[in-house]
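Contents: one structure, followed by commentary.
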Amino acid sequence: MEDNFHLKLMTYNIGGGRKDSGSLFSGILEIIKQAAPDILGVQEATEWSTLDEENFSQPREIVRDGLKKYNYFFGPTLTMSQNFHVKKEIFLHGLFSDWADWQQGNAIFSRWPFVRFGNSSKPGQPKNIPINKTIYSGNRDTDPRYAILAKIDLGFTQVFALVTHLTTLYGERGPKEVPGKNEEAQAVRWEQCERILDLTRAFILEKNEVLIMMGDFNAIPGEPALLSSLETKAGFVRLVPSNNTGTHLKVAEPVDHILIYPGNYHIKYSCKVINNEFVASDHNPVVAEISLHNSNSKAFKAQGAGVFRENS
């Protein structure tokens with residue numbers, strides 16, 4: 001058996017790929033192609049179809065024009081057919097443009113195949129799991145929130161990967177900040193991270209499986225959702241970018257993160273934020289190179305299991 005395995009990870013909120021949201025899908029595709037991640041987590045990806053049976057899928061386009069021959073899974077979080085609300089502008093646009101449906105959600109892409117959670121010798125599909133359901137009121141405060149959970153067969157080993165997008169509330173930060181709103185939003189995100197731990201604790205964390213978590217957490221480093229729940233309590237390690245800059249164009253500190261639970265592996269990493277030269281989205285992607293070293297490796301024998309920055 002090999003002693004180590006290398007792969008590249010990337011998380012990217014593509015903002016729906018819509019010009020009206022400040023994103024440009026052609027630029028997003030170019031950034032993804034240049035980064036060429038082995039495992040990619042995407043937030044705010046969209047699919048839509050018309051009454052004339054025309055359809056468009058951003059995840060499918062990413063595979064067709066960017067990550068060719070990759071396996072992918074799209075998990076909708078908000079849909080025109082199930083969550084229609086007259087205060088959601090794009091739903092009204094779709095209604096009067098003869099759309100059959102519109103969906104927005106998370107997606108995961110992998111160079112390697114997905115397998116079943118239980119019997120990893122058989123092909124499987126990721127699952128789209130709710131971590132926060134609300135009565136939708138046509139605004140982001142009440143957006144449903146989900147996590148995609150996947151198990152990926154690297155050949156060398158199997159790893160779990162989770163892609164998510166946590167809640168942000170109007171008025172929690174910026175020039176229009178509302179008193180008390182930031183604390184309210186942090187409490188919501190903490191609860192969503194606790195639900196993720198409920199999901200993964202017994203069958204992944206307590207069995208010392210590797211879990212890669214990626215997404216737009218809408219949380220800066222040190223916020224309780226990350227530091228108290230995921231890092232201190234559960235043992236995840238946030239991969240700190242070498243250029244520790246903001247990932248959202250309106251927030252100085254990063255809100256998009258990659259975290260890893262190492263299980264029985266020694267994991268080395270390097271990480272960076274890609275400056276969005278194409279101005280393709282209101283988020284910059286985070287990219288990490290990691291190497292997994294098993295118990296036969298020199299690195300494991302020297303330092304044991306855990307997540308360590310490269311050259312540490």
Side-chain angles (χ1 to χ4, degrees), residues 1-9 11 38-41 71 73 75 106 108-132 145-164 166 190-215 217 225-239 257-269 288 290-309:
M1 180 182 287
E2 300 176 52
D3 290 338
N4 59 76
F5 191 91
H6 299 268
L7 64 154
K8 181 186 281 190
L9 311 171
T11 184
D38 297 309
I39 301 174
L40 167 67
N71 304 281
F73 175 86
N106 305 309
I108 186 168
F109 304 80
S110 171
R111 188 183 298 274
W112 300 280
F114 301 121
V115 294
R116 292 186 187 180
F117 295 164
N119 186 351
S120 58
S121 66
K122 294 185 176 182
Q125 281 294 309
K127 302 300 182 184
N128 192 35
I129 299 165
I131 57 171
N132 180 57
R145 300 292 171 168
Y146 282 69
I148 291 176
L149 183 64
K151 192 173 187 181
I152 300 171
D153 186 0
L154 304 179
F156 165 70
T157 189
Q158 291 88 35
V159 300
F160 285 93
L162 186 148
V163 177
T164 194
L166 303 188
W190 180 86
E191 184 176 356
Q192 290 168 4
C193 285
E194 287 293 304
R195 298 295 76 75
I196 288 172
L197 294 185
D198 290 339
L199 168 66
T200 59
R201 184 180 294 109
F203 294 95
I204 300 177
L205 307 184
E206 291 179 358
K207 292 187 176 182
N208 273 329
E209 302 276 5
V210 176
L211 175 55
I212 299 164
M213 191 182 304
M214 303 183 287
F217 290 80
L226 298 178
L227 183 60
S228 175
S229 183
L230 298 181
E231 297 179 70
T232 302
K233 179 179 178 180
F236 282 88
V237 176
R238 185 179 71 89
L239 307 191
H257 307 285
I258 300 173
L259 300 98
I260 296 180
Y261 184 82
N264 288 319
Y265 282 86
H266 177 102
I267 298 176
K268 293 279 193 183
Y269 81 90
I290 71 169
S291 58
L292 289 80
H293 303 259
N294 67 18
S295 58
N296 297 321
S297 67
K298 293 181 180 179
F300 188 99
K301 291 175 180 177
Q303 293 179 290
V307 181
F308 305 86
R309 189 192 288 271

*Kindly write out the residues that satisfy side chain to side chain contact (heavy atoms under 4.5 Å, CB included) with Ile204, not counting sequence neighbours, or none if the list is empty.*
Leu149, Phe160, Thr200, Glu209, Leu211
*How many angstroms lie between CZ in Arg201 and CG in Leu199, if you round to the nearest 0.5 Å?*
10.0 Å
*Check: Val159 and Leu7 side chains under 4.5 Å, non-hydrogen atoms*: no
_So, using side chain to side chain contact (heavy atoms under 4.5 Å, CB included) as the criterion, who are the partners of Glu231 when residues are at least two apart?_
Leu226, Leu227, Arg238, Leu259
*asked:* Measuring only between side-chain heavy atoms, which start at C-beta, is Ile260 closer than 4.5 Å to Tyr269?
replied: no
*Sequence neighbours excluded, which residues qualify as side chain to side chain donor-acceptor pair (under 3.5 Å) partners of Asn119?*
Ser121
*Roughly how far, to the nearest 0.5 Å, is the NZ atom of Lys122 from the CZ atom of Phe117?*
16.0 Å
*Return the minimal non-hydrogen interatomic distance between Thr232 and Ser228, and the atom names on each side.*
CB-O, 3.9 Å
*In sequence, state the C-alpha distance, the side-chain angles, and the governing distance for Tyr261 and Leu162, and then conclude on side-chain contact (heavy atoms from CB on, under 4.5 Å).*
CA-CA 11 Å; Tyr261 184 82; Leu162 186 148; over 6 Å; no
*Set of residues satisfying side chain to side chain donor-acceptor pair (under 3.5 Å) with respect to Asp38, sequence neighbours excluded*: Arg111
_I'd like to check the side chain to side chain donor-acceptor pair (under 3.5 Å) partners of Thr164; sequence neighbours left out, ordered by chain and number._
none
*Got a sec, which residues hit salt bridge (Lys or Arg N to Asp or Glu O under 4.0 Å) with Lys8, two or more places apart in sequence or on another chain?*
Glu289
*Sequence-distant partners of Tyr146, ring-ring contact (aromatic ring centres under 6.0 Å, His included), two or more places apart*: none
_Counterpart residues, side chain to side chain contact (heavy atoms under 4.5 Å, CB included), relative to Pro126 (two or more places apart)_ = Phe73, Ile108, Phe114, Ile148, Ala150
*If you look at every heavy atom in Pro262 and Ile267, which pair is closest and at what distance?*
CA-CD1, 3.8 Å
_Residues in salt bridge (Lys or Arg N to Asp or Glu O under 4.0 Å) contact with Lys301, at least two apart in sequence or another chain_ = none
*Min side-chain heavy-atom separation Thr157-Val210 under 4.5 Å*: no
*Do you know which of Asn128, Thr11, Asn106 makes side-chain contact (heavy atoms from CB on, under 4.5 Å) with Val163?*
Asn106
*Identify the heavy atoms of Leu230 and Cys193 that sit nearest to each other, and give their distance.*
CD1-SG, 3.8 Å
*asked:* Using the salt bridge (Lys or Arg N to Asp or Glu O under 4.0 Å) criterion, which residues pair with Arg116? Sequence neighbours excluded.
replied: none
_Leu166 side, atom CG; His257 side, atom NE2 - distance, nearest 0.5 Å_ = 9.5 Å
*Arg145: what forms a side chain to side chain contact (heavy atoms under 4.5 Å, CB included) with it, not counting sequence neighbours?*
Ile131, Asn132, Asp143, His165, Thr167, Gln192
*Provide the closest heavy-atom pair for Ile258 versus Ala288 in the form atom of the first, atom of the second, distance.*
CD1-CB, 4.0 Å
_Just so I know, are the side chains of Asn264 and Ser295 near enough to count as touching, which here means a heavy-atom distance under 4.5 Å?_
no
*Any side-chain heavy atom of Val307 within less than 4.5 Å of one from Ile290?*
no
*Return the minimal non-hydrogen interatomic distance between Ser291 and His293, and the atom names on each side.*
OG-NE2, 2.9 Å
_Among residues at least two apart in sequence or on other chains, which ones pass salt bridge (Lys or Arg N to Asp or Glu O under 4.0 Å) with Asp153?_
none
*Considering only heavy atoms from C-beta outward, does the side chain of Asn294 approach that of Phe5 to under 4.5 Å?*
no
*Specify the closest pair of heavy atoms between Leu154 and Trp112, including all atoms of both residues, with the distance to one decimal.*
CD2-CE3, 3.3 Å
